[in-house]
S.K.: 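Dropping a structure here in structure tokens format, bear with me for questions.
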Amino acid sequence: MQYLHTMARVSDLDASLHFYCDLLGLKEVRRKENEQGRFTLIFLAAPADEQRSERLTAPELELTYNWDPEEYSGGRNFGHLAYRVDDIYALCQYLQDNGVTINRPPRDGYMAFVKSPDGISVELLQKGDALAPQEPWASMENSGSW
């Protein structure tokens with residue numbers, strides 16, 4: 001068995017690509033348009049997984065955009081996406097500076113949660129050992145659900 005991808009339906013393709021690519025740093029590795037089915041599939045890979053994705057089409061995040069408007073709720077009902085990051089504090093600051101709410105701040109220097117524009121929980125995990133506790137994160141309260 002081999003892990004291939006996680007699929008997430010998105011309602012605003014531009015907002016989702018901004019979040020996943022511009023802010024989180026994922027790379028679009030391929031795109032499929034299906035006129036008959038009226039949907040677009042966009043496959044994303046983390047920078048460290050980009051070459052593996054090109055060879056194996058895995059591991060990836062598949063964004064499914066249905067052309068006809070649909071309302072999606074309960075983005076957390078399947079769990080969450082998780083990405084290992086080089087500096088959790090720097091990324092959380094960057095996300096926050098760009099309007100992303102840090103739902104579970106990295107108080108422990110190791111783990112944080114944010115949400116995509118469609119309410120999908122994204123877990124951020126510090127690469128290697130936890131960083132030393134640092135303000136403002138150490139005393140920041142949770143915000144909303146994660």
S.K.: So how far is it from Phe19 CZ to Asp12 CG, rounded to the nearest 0.5 Å?
M.R.: 13.0 Å

S.K.: Hey, are the side chains of Arg104 and Met111 touching, using non-hydrogen atoms and a 4.5 Å cut-off?
M.R.: yes

S.K.: With heavy-atom distances below 4.5 Å as the criterion, would you say the side chains of Leu23 and Tyr94 are in contact?
M.R.: yes

S.K.: Side-chain contact, heavy-atom cut-off 4.5 Å: Arg52 with Pro59?
M.R.: yes

S.K.: With side-chain contact (heavy atoms from CB on, under 4.5 Å) as the criterion, how do Val122 and Tyr83 come out once you've worked through the C-alpha distance, each side chain's angles and the decisive distance to 0.1 Å?
M.R.: CA-CA 8 Å; Val122 179; Tyr83 293 97; 4.0 Å; yes

S.K.: Answer with yes or no whether the hydrophobic clustering places Met140 together with Val85; edges join I, L, V, M, F, W, Y residues whose side-chain heavy atoms lie under 4.5 Å apart.
M.R.: yes

S.K.: To the nearest 0.5 Å, what is the distance between CE on Met7 and CG on Leu63?
M.R.: 10.0 Å

S.K.: Using every non-hydrogen atom in the two residues, find where Ile88 and Gly109 come nearest and quote the distance to one decimal.
M.R.: CG2-O, 3.7 Å

S.K.: With a 4.5 Å cut-off on side-chain heavy atoms, are Glu28 and Phe43 touching?
M.R.: no

S.K.: Show, in sequence, the C-alpha distance, side-chain angles and deciding distance for Thr6 and Glu62, and conclude whether the side-chain contact (heavy atoms from CB on, under 4.5 Å) test is met.
M.R.: CA-CA 6 Å; Thr6 297; Glu62 172 193 324; over 6 Å; no

S.K.: For Glu135, look at atom CD and say whether over 12 heavy atoms of other residues, nucleotides or ligands are found less than 6.0 Å away.
M.R.: yes

S.K.: Between atom NE2 of His18 and atom CG of Leu13, what is the distance when rounded to the nearest 0.5 Å?
M.R.: 13.5 Å

S.K.: Can you check whether Glu60 reaches Arg30 side chain to side chain, under 4.5 Å on heavy atoms?
M.R.: yes

S.K.: Kindly indicate, with the supporting measurements, whether the criterion side-chain hydrogen bond (donor to acceptor under 3.5 Å, both in side chains) is fulfilled by Glu123 and Ser121.
M.R.: CA-CA 7 Å; Glu123 180 181 24; Ser121 292; over 6 Å; no

S.K.: Side-chain contact test, heavy atoms from C-beta onward, threshold under 4.5 Å: evaluate it for Leu95 versus Leu124 and give yes or no.
M.R.: yes

S.K.: Mind listing the closest non-hydrogen atom pair of Ile42 and Thr40 along with its distance?
M.R.: CG1-CG2, 3.9 Å

S.K.: Drop me the distance from Asn142's CG to Asn103's CG, to the nearest 0.5 angstrom.
M.R.: 8.0 Å

S.K.: Just wondering, do Glu33 and Trp67 contact through their side chains at under 4.5 Å, heavy atoms?
M.R.: yes

S.K.: State, with a plain yes or no, whether a side-chain heavy atom of Cys21 is found less than 4.5 Å away from one of Leu44.
M.R.: yes

S.K.: Under 3.5 Å, is there a donor on one side chain and an acceptor on the other for Ser53 and Gln51?
M.R.: no

S.K.: Over 60° means perpendicular and under 30° means parallel, so tell me whether Tyr89 and Trp137 are parallel, tilted or perpendicular.
M.R.: parallel

S.K.: Which heavy atom in Pro105 sits nearest to a heavy atom in Ala112, and how many Å separate them?
M.R.: C-CB, 4.3 Å

S.K.: When clusters are formed by joining ILVMFWY residues with side-chain heavy atoms under 4.5 Å apart, either directly or through shared neighbours, do Leu56 and Val29 land in the same one?
M.R.: no

S.K.: If we check side-chain contact (heavy atoms from CB on, under 4.5 Å) with Leu26, which of these qualifies: Leu17, Leu61, Leu81?
M.R.: Leu61

S.K.: Drop me the distance from Asn98's CG to Asp22's CG, to the nearest 0.5 angstrom.
M.R.: 9.0 Å

S.K.: Check the pair Arg38, Glu35 against salt bridge (Lys or Arg N to Asp or Glu O under 4.0 Å), reporting the backbone distance first and the verdict last.
M.R.: CA-CA 5 Å; Arg38 300 188 47 73; Glu35 284 194 38; over 6 Å; no

S.K.: Hey, mind stepping through Gln93 and Asp97 against side-chain contact (heavy atoms from CB on, under 4.5 Å) and telling me if it holds?
M.R.: CA-CA 6 Å; Gln93 187 63 59; Asp97 289 349; 2.8 Å; yes

S.K.: State the OH-CG distance between Tyr65 and Asp118, to the nearest 0.5 angstrom.
M.R.: 10.5 Å

S.K.: For Leu24 and Leu91, work out which heavy atoms get closest and say how close.
M.R.: CD2-CD2, 4.2 Å

S.K.: Give the C-alpha distance, both sets of side-chain angles, the deciding distance and a yes or no for side-chain contact (heavy atoms from CB on, under 4.5 Å) between Lys115 and Ser145.
M.R.: CA-CA 9 Å; Lys115 285 190 176 181; Ser145 65; 2.7 Å; yes

S.K.: Under 3.5 Å, is there a donor-acceptor pair between the side chain of Arg107 and the main chain of Ser139?
M.R.: no

S.K.: More than 12 non-hydrogen atoms from neighbouring residues, nucleotides or ligands closer than 6.0 Å to CG on Asn34, yes or no?
M.R.: yes

